[in-house]
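Inspection log for the structure reproduced underneath, given as structure tokens.
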Amino acid sequence: MTSPDSQDVLITTAFLEPGDEVDRMLRSAGLTTRHVPELERLSAEERARALSGVRAIIAGTRPLGEEEFAQAPALRMIVRTGVGYDSVDVSAATARRVPVCVTPGANRQAVAEHVFALALACARRIPENISNLAAGTWQQLTGRELRGATLGILGLGSIGKAVATIAAGFGMKVVAYDPSFDEGFAAANGIRRLELEDLLREADFVTLHLFLDETTRNLLDASRLALMKSDAVLINTARGGIIEEDALVAAVRDGRIGAAALDVFADEPLGASSPLLHTPGILATTHVAGATREARGESGRMAARNVIATLRGQAPEFVVNPDYDAVTA
């Protein structure tokens with residue numbers, strides 16, 4: 001039997017399990033695997049042993065940084081089962097000449113559909129209706145339609161474009177902000193380009209699809225939230241750190257914006273005492289926008305294919321730090 005400190009692939013993605021399709025793909029390619037979805041909860045000795053012989057990590061959303069890399073001297077690649085990689089210390093990986101890869105497009109449709117699940121829940125006041133009915137109150141609350149409303153998309157990348165396509169089916173008007181704006185897609189789909197502040201002033205629904213980095217951290221702070229319409233709905237399925245959460249709680253609580261629907265948070269898992277869970281008008285889900293069978297299956301397969309090819313000597317795909325191999329030893 002292979003000892004725990006000699007596995008080729010360490011899998012920390014929580015939805016991947018021993019014996020599943022991804023595990024079988026890796027093992028069929030002659031690789032050994034170990035699943036540790038909560039690596040950070042191991043003792044220091046157990047964590048060091050789990051990492052010591054690892055050549056590849058298929059990673060979820062839990063942090064990976066210099067401490068883990070130092071304990072994995074054989075590490076040749078990291079693949080995130082998703083497109084966000086803020087949980088990985090990319091600079092530390094690059095310094096060790098380790099490529100950090102993602103699985104782009106795998107959860108595009110899942111996230112885009114979840115945006116509209118949240119938008120409709122807020123627009124039709126569904127959580128409030130369900131709560132009232134469960135409490136014995138028959139109250140026919142007045143909602144609003146998506147048709148004719150203006151949807152503001154912050155980040156017109158792969159997922160933002162999928163959102164725009166769905167919005168057209170609802171008869172929504174779409175405006176967008178993106179530092180790298182795709183003029184061709186916008187023109188073909190009737191999307192108006194706006195600066196960030198103008199979009200916030202004009203949109204009835206605002207949905208976030210930006211990466212989290214130092215340019216987007218707390219991008220929507222108190223001053224920018226104050227620009228939004230008093231009945232606007234803010235939706236975030238990107239990363240929690242893009243919104244200043246305390247400012248959002250205050251804005252919703254004080255009626256300065258209509259509602260917010262969040263699938264992501266600055267700190268995850270979200271604590272049960274968080275005001276984000278106890279402020280009327282804020283709807284929260286547990287980072288499940290991309291959690292469909294289809295999306296998870298494809299992201300796992302993409303990660304496995306990339307690991308197998310790379311460990312066989314091919315160049316890794318979907319690398320977010322392409323300069324990793326330019327670092328001198």
Side-chain angles (χ1 to χ4, degrees), residues 4-16 22 26 33-104 107 210-219 238-245 264-271 286-287 290 299-300 302-304 306-307 310-311 316-329:
D5 59 351
S6 64
Q7 75 278 2
D8 294 304
V9 187
L10 180 67
I11 301 173
T12 66
T13 299
F15 62 79
L16 298 178
V22 170
L26 294 166
T33 62
R34 187 182 184 196
H35 293 71
V36 186
E38 295 184 334
L39 183 67
E40 74 281 3
R41 294 195 177 185
L42 298 181
S43 68
E45 182 180 351
E46 290 172 328
R47 187 164 59 250
R49 191 175 181 212
L51 288 161
S52 63
V54 169
R55 295 201 290 155
I57 299 175
I58 296 179
T61 57
R62 299 300 178 89
L64 288 174
E66 175 57 33
E67 181 179 353
E68 288 77 23
F69 303 153
Q71 295 173 325
L75 186 64
R76 289 181 54 189
M77 72 180 308
I78 299 165
V79 186
R80 266 281 294 116
T81 46
V83 292
Y85 50 89
D86 52 285
S87 58
V88 180
D89 187 336
V90 176
S91 296
T94 302
R96 292 181 175 275
R97 305 191 69 176
V98 174
V100 178
C101 308
V102 292
T103 55
N107 66 2
L210 298 164
F211 286 105
L212 176 63
D213 57 27
E214 291 313 305
T215 69
T216 60
R217 190 175 301 279
N218 291 328
L219 181 71
R239 284 294 183 267
I242 299 172
I243 300 175
E244 188 178 320
E245 292 176 345
V264 289
F265 310 94
D267 294 308
E268 296 183 5
L270 188 65
T286 56
H287 203 149
S299 67
M302 288 179 69
N306 204 355
V307 165
T310 301
L311 295 187
E317 293 187 306
F318 314 121
V319 179
V320 303
N321 58 334
D323 57 341
Y324 76 93
D325 59 352
V327 176
T328 56

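Owing to the predicted nature of the structure, the values given are computational and were not obtained by experimental measurement. Quick note: residue numbers are just sequence positions, from 1.
For E317, there are no side chain to side chain donor-acceptor pair (under 3.5 Å) partners two or more places apart in sequence or in a different chain. Shown here are the side chain to side chain donor-acceptor pair (under 3.5 Å) partners of E268, two or more places apart in sequence or in another chain: H287. Among residues two or more places apart in sequence or in another chain, the salt bridge (Lys or Arg N to Asp or Glu O under 4.0 Å) test is passed with E66 by R96. In this structure, the side chain to side chain contact (heavy atoms under 4.5 Å, CB included) partners of N218, at least two apart in sequence or on a different chain, are E244. E214 pairs by the side chain to side chain donor-acceptor pair (under 3.5 Å) definition with R217, not counting sequence neighbours. Judged as a side chain to side chain donor-acceptor pair (under 3.5 Å), and not counting sequence neighbours, the contacts of T94 are N321. In terms of the side chain to side chain contact (heavy atoms under 4.5 Å, CB included) criterion, residue partners of S43 (sequence neighbours excluded) are, by chain and number, E45, E46. With sequence neighbours excluded, the residues that form a salt bridge (Lys or Arg N to Asp or Glu O under 4.0 Å) with E40 are R62. For the side chain to side chain contact (heavy atoms under 4.5 Å, CB included) test, residues two or more places apart in sequence or in another chain that qualify with A72 are L51, L75. The side chain to side chain contact (heavy atoms under 4.5 Å, CB included) test applied to D267 returns no partner, not counting sequence neighbours.
Taking each heavy atom of A56 and L311 in turn, the nearest pair found is CB-CD1, 4.3 Å. For the residue pair D325 and R97, the shortest heavy atom distance occurs at O-NH2, 3.0 Å. Looking at every heavy atom in both residues, V264 comes nearest to G240 through CG2-N, 3.5 Å.
Within the 4.5 Å cutoff, the side chain of V319 has heavy atoms near those of the C101 side chain. Looking only at side-chain heavy atoms (C-beta outward), T310 and V79 stay at 4.5 Å or farther from each other.
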So L64 and F69, side chain to side chain contact (heavy atoms under 4.5 Å, CB included) or not? Walk me through it.
CA-CA 8 Å; L64 288 174; F69 303 153; 4.2 Å; yes
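Of the possible donor and acceptor atoms, none in the side chain of Q71 sits under 3.5 Å from a partner among the backbone N and O of E68.
L270 CG to E245 CD: the interatomic distance, rounded to the nearest 0.5 Å, is 7.0 Å. Put simply, CD1 on I78 and CD1 on I58 are 12.0 Å apart, with the number rounded to the nearest 0.5 Å. The CG atom of L39 sits 9.0 Å away from atom CZ of R34, with the distance rounded to the nearest 0.5 Å. The distance from the CD1 atom of I242 to the OG1 atom of T216 is 5.0 Å, given to the nearest 0.5 Å.
Applying the side-chain hydrogen bond (donor to acceptor under 3.5 Å, both in side chains) definition to pairs two or more places apart or across chains, those involving residues 72-86 are T13-T81, D86-R239.
Exactly one residue among V307, L16, I57 makes a side-chain contact (heavy atoms from CB on, under 4.5 Å) with I11. That residue is L16.
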